[in-house]
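In what follows, a single structure is set out as structure tokens and then discussed.
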Protein chains: 4
Amino acid sequence: MKGELRRQQILDSALRLFAEKGYYETHIDDIIRDLRIGRGTVYQYFANKDDIFFQLLEDYYHRWKQVVAISDEERKINDPVAYLRMRIRRTLAFFAGEREFTRIYLRIAPGINKDIEPLIERIETMVTDVVRQDLELARRFNHLRDDIDISGAANLLIGALHRTAYYDFIQTETDADIGVTAENFVRVFTAGIFK
Amino acid sequence: MKGELRRQQILDSALRLFAEKGYYETHIDDIIRDLRIGRGTVYQYFANKDDIFFQLLEDYYHRWKQVVAISDEERKINDPVAYLRMRIRRTLAFFAGEREFTRIYLRIAPGINKDIEPLIERIETMVTDVVRQDLELARRFNHLRDDIDISGAANLLIGALHRTAYYDFIQTETDADIGVTAENFVRVFTAGIFK
Amino acid sequence: MKGELRRQQILDSALRLFAEKGYYETHIDDIIRDLRIGRGTVYQYFANKDDIFFQLLEDYYHRWKQVVAISDEERKINDPVAYLRMRIRRTLAFFAGEREFTRIYLRIAPGINKDIEPLIERIETMVTDVVRQDLELARRFNHLRDDIDISGAANLLIGALHRTAYYDFIQTETDADIGVTAENFVRVFTAGIFK
Amino acid sequence: MKGELRRQQILDSALRLFAEKGYYETHIDDIIRDLRIGRGTVYQYFANKDDIFFQLLEDYYHRWKQVVAISDEERKINDPVAYLRMRIRRTLAFFAGEREFTRIYLRIAPGINKDIEPLIERIETMVTDVVRQDLELARRFNHLRDDIDISGAANLLIGALHRTAYYDFIQTETDADIGVTAENFVRVFTAGIFK
DNA sequence: CATGAATGAGTGTTCATTCAT
DNA sequence: GATGAATGAACACTCATTCAT
């Protein structure tokens, strides 16, 4: 139990530092100085530096998964277009609410190294799949424009979403209105891909 | 002049290595072993490792700039929507044609470190500005849907473009048909943001 | 008493691990994982890692001492040549019966470090003294060839004995016949040093 | 050429330090402080610490090989017993002349770790083979006592030789007379194994 | 211009030991 | 007695950079 606390402290500190300085420029030293703990303590909870990063990304992904999940209640609506809109709004809110994580996910993690790349690609694939499934459902309900390629649209949507989030919430200091950003975003896509 | 050749060889080698292994996992050693040149030679042409990366990015940006430039001939059409479509098509073709560079630009460079970050952000800003200007022109010509926020749309467009390029041309081994990809892309955006 | 058990368990585990992996490559961690005991428990019975090794060696030496001791009964024979032959046979049997200890004594312990070296040299001296005393007795009984230097012969005998034991019992997987090995050994030395 | 010098300096320093303090208690730091060279220099010539030790042992073995080789001139004598006597005398002289190496070979190297063990065993095997071949030749010439087991005798001889060398030349500070030691040694074995 | 031997500050990681519970 | 979380000195090894030739 107490150990779990320490583990979390290390993750919290690493999160902040990775987000701020990047993976390679964050050193174990920075973390232990930040937390005022012993060097070895870090290695009692994590196998190595990579491992800390992995945990951070995994946690982040699972949190996102929960956030965008359609509840049983909501599923009664049975409107895939509504689902996708909800997921977009929630994802944007999630990105805005977890800026450090998001900065890591969108900027730091891609292209770090051969060990971390597979994880980030696995996550990206899973995220894309969620969107793709919504789009496929929409097509079955005949809500999708006929000339839309689902995979292409999914990537397009996610790319747009990431960049929007990054520029509106992460890079910019000023707090953009999430609601407005989300509505603008949804509006364009509604017009672009739905009938 | 002969020196210029050497310089280019180093850039070429570094390009390939950075794209493949990332910035931090590529060592000066890899480059000199690749080119069979002396260790010091690299430092005759570049101040340090960062500098090589800078040059690579700068070159890349200027090349893109030229590729998407609207020629005087084309400018006679005076149709901003056509301009944007052309830029999208050309950018996708550019991304597809310079995969290593593109991989560096889209995956490796962001979030490397505090020294490289400003450059990548400067480039991103300039790219965004090009798109924004097109959109502003489109608005003046009343081709843009009224409810579109120009900055938001620019980010959205570029984000979508990047991801599309990355997944269709960089990550995937199979050669996607650039023309088809571009048309699909343009169609969605035409429907989404133009009147 | 229960504590004594624990102490012995630790020694047993350490014995096996030291013999297998050497002193430096055996970690306290290996021992506690092997015994499923707490980290601190080891330090309740031993001052430090060196101490465990010391105890192991001391125990081993005392065991050997008992094994090669000439009983009061045997002493009645009053034949130093017979004594030495008995000691050689018993030592070889001892080495064969305590392979892990023997491997530690012959291969692991020598040259470990400045702290352990004195102990191993003390033991070696005491072992040599036993042999030397036998030889001196033999000389008094005029059983020793006149041109034999006692100290030299003692070292020679022990060196030969150690190597024989190591190669026949420790390194080789196949079980050599101790009796035959001992007889071969004794025969050469009988011919070499006794009248 | 100049690099070769550095390499040798490092080997010389490492030799002395390994012999004095053992493998694990000798640190790269000790070597570079001793030679007043940079940390990285060591790694320009050796892959790692193990590698230095390997080179040292290999060099030593090859030197010994040369020392005990029977020259074409000597081979004309055609007396295997004389060969073996020469080898014993020369090996003892070699041990006495290369005390640091010998201390490493006899005390430090055995049982260091799983990486170094194979090398030391390979050398020991090759050394034993030389002796064994001499003994086999002696048997063909009918100079060997009939009840001698060649492998056993070879081990016995080498064990005795090692210990004699160690105690007379390495451990003892006082310079033993190599000639006398060798003659004593040869005499016992002549009586013990030859007809 | 080209070289490559030399450098050393900096990295992640290890592991024996301690001590509060 | 028993535990195991915490420690931090130590260590091997890395790698961008320099500079004499």
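Lettering follows sequence order; numbering is per chain, from 1.
- Applying the side chain to side chain contact (heavy atoms under 4.5 Å, CB included) criterion to D:Gln44, with sequence neighbours excluded, gives no partner residue.
- Rounded to a whole Å, the CD atom of D:Glu4 is 11 Å from the P atom of E:dA5.
- Checked against ring pair (Phe, Tyr, Trp, His ring centres under 6.0 Å), C:Tyr60 has the following partners two or more places apart in sequence or in another chain: C:Phe94, C:Phe101, C:Tyr105.
- Summarising the geometry, the separation between CD1 on C:Ile10 and C1' on F:dA2 is reported as 11 Å, rounded to the nearest angstrom.
- Sequence neighbours left out, the pairs with a member in residues 4-23 of chain C that pass ring pair (Phe, Tyr, Trp, His ring centres under 6.0 Å) are C:Phe18-C:Tyr23, C:Phe18-C:Phe53, C:Tyr23-C:Phe53.
- In terms of position along DNA chain F, the nucleotide closest to C:Gly40 lies nearer the 5' end than the nucleotide closest to the other residue of the pair D:Asn48 and C:Gly40.
- Listed pair C:Tyr43 / F:dT3 fails the phosphate criterion, with no side-chain N or O lying under 4.0 Å from OP1 or OP2.
- Each of B:Val42 and D:Val42 was matched to the nucleotide of DNA chain E holding its nearest heavy atom; the match closer to the 5' end belongs to B:Val42.
- Formation of a donor-acceptor pair under 3.5 Å by the A:Thr26 side chain with backbone atoms of A:Gly22 is found in this model.
- Straight-line distance from the CZ atom of C:Phe46 to the P atom of E:dT18: 16 Å, rounded to whole Å.
- Evaluation of the ring pair (Phe, Tyr, Trp, His ring centres under 6.0 Å) rule for A:Tyr24 yields B:Tyr24 as partners, not counting sequence neighbours.
- Of the residues near DNA chain E, B:Thr41 and C:Lys49, the one whose nearest nucleotide (by heavy atom distance) lies more toward the 5' end is B:Thr41.
- With B:Lys65 contributing its side chain and B:Met126 its backbone, the two residues share no donor-acceptor pair below 3.5 Å.
- Rounded to whole Å, atom P of F:dA16 lies 14 Å from atom CG of B:Asp51.
- Considering only residues two or more places apart in sequence or on other chains, A:Glu58 meets the side chain to side chain donor-acceptor pair (under 3.5 Å) condition with none of them.
- At a non-hydrogen distance threshold of 4.0 Å, B:Thr26, B:His27, B:Ile28, B:Arg39 from residues 16-39 of chain B come into contact with DNA chain F.
- Checking the phosphate oxygens (OP1, OP2) of E:dA2, a side-chain nitrogen or oxygen of B:Tyr45 falls inside 4.0 Å.
- Among residues at least two apart or in separate chains, salt bridge (Lys or Arg N to Asp or Glu O under 4.0 Å) pairs with a member in residues 39-57 of chain A are A:Asp29-A:Arg39.
- At F:dG1, none of the side-chain N or O atoms of C:Arg6 fall inside 4.0 Å of OP1 or OP2 (strictly under the cut-off).
- Sorted by first then second residue, the salt bridge (Lys or Arg N to Asp or Glu O under 4.0 Å) pairs that include residues 102-113 of chain B, not counting sequence neighbours, are A:Glu117-B:Arg103, A:Glu124-B:Arg107.
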**OP:** Taking Watson-Crick and G-U wobble pairs with both distances under 3.5 Å, convert DNA chain F into its dot-bracket string, 5' to 3', dots for unpaired and | for cross-strand pairs.
**Re:** .||||||||||||||||||||
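- Between the P atom of E:dT17 and the CG atom of C:Asp50 lies a distance of 7 Å, rounded to the nearest Å.
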